[in-house]
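Have a look at the structure below, then the notes.
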Amino acid sequence: MIICSCQRISDHDIHAAIDWMRASDAATIITPGKIYHALGKAPECGGCMKLFVATMRKSDKLEVPAMLRNMRADKATKGTRHEGRQESHRISQ
Ligand code: FES
């Protein structure tokens with residue numbers, strides 16, 4: 001089925017590109033832009049993007065590599081670290 005009519009990209013092309021990217025680099029984050037690039041094309045109107053991403057999500061090889069998961073700070077430590085000055089460093093008046 002044609003997913004992107006501007007560039008004539010099919011669902012088969014998208015899945016083949018995902019398979020190729022995952023096989024060549026297991027740690028890569030796969031995005032629509034990388035798929036276009038891998039196919040030697042670029043989006044034109046962007047009208048297909050919702051269907052494009054939905055087609056990508058059907059691939060079992062799209063998942064984020066394990067080493068890159070859970071990198072966001074958990075809620076228990078959130079707010080306890082700051083990068084700026086802490087109150088104890090203020091000059092008393
Ligand atoms: S339909 Fe895909 S860029 Fe236009």
Side-chain angles (χ1 to χ4, degrees):
M1 178 175 81
I2 294 292
I3 303 297
C4 176
S5 55
C6 290
Q7 295 292 349
R8 292 188 183 174
I9 296 174
S10 69
D11 56 341
H12 175 76
D13 295 333
I14 292 170
H15 290 294
I18 290 171
D19 292 347
W20 176 78
M21 282 190 271
R22 188 57 73 207
S24 62
D25 183 1
T28 191
I29 301 287
I30 299 172
T31 64
K34 285 184 176 179
I35 291 175
Y36 273 102
H37 187 74
L39 296 172
K41 300 177 179 187
E44 286 185 23
C45 72
C48 60
M49 212 41 65
K50 190 173 180 179
L51 182 58
F52 199 98
V53 171
T55 304
M56 288 174 61
R57 287 184 175 151
K58 290 179 183 172
S59 173
D60 55 346
K61 295 182 180 171
L62 187 66
E63 66 185 26
V64 175
M67 69 183 105
L68 299 177
R69 288 187 212 147
N70 301 322
M71 295 185 76
R72 201 178 273 176
D74 64 50
K75 291 179 181 175
T77 59
K78 190 175 182 179
T80 58
R81 291 182 58 204
H82 358 169
E83 296 177 7
R85 283 186 172 179
Q86 296 180 5
E87 288 183 29
S88 61
H89 291 105
R90 291 187 180 171
I91 299 171
S92 61
Q93 296 180 9

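Small disclaimer: the values here were computed from a predicted structure and weren't measured. In what follows, every heavy atom counts, from backbone to side chain, and hydrogens, waters and symmetry copies are set aside. Whatever order the structure lists them in is the order used to number ligands and atoms, beginning at 1.
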**Atoms of ligand 1 close to Ser5 [distance to a heavy atom under 4.0 angstrom, numbered from 1]** = 1 (S)
**Prompt:** Can you check whether Gln7's main-chain N or O pairs, donor with acceptor, with Lys41's side chain at less than 3.5 Å?
**Reply:** yes
**Request:** May I have the angle between Cys6 SG and Cys45 SG with its vertex at atom 4 (Fe) of ligand 1, rounded to 10°?
**Result:** 100°
**Item:** Gap separating the CD1 atom of Ile3 from the CG atom of Leu51, nearest 0.5 angstrom
**Value:** 4.0 Å
**Close approach of Glu44 to ligand 1, heavy atoms, under 4.0 angstrom** = yes
**Asked** With a cut-off of 4.0 Å, which atoms of ligand 1 are near a heavy atom of Gly46?
**Response** 3 (S), 4 (Fe)
**Residue Lys34 excluded, over 12 heavy atoms near NZ under 6.0 Å** = yes
**Complete:** SG of Cys48 to CD1 of Ile14, rounded to nearest 0.5 Å, is 7.5 Å
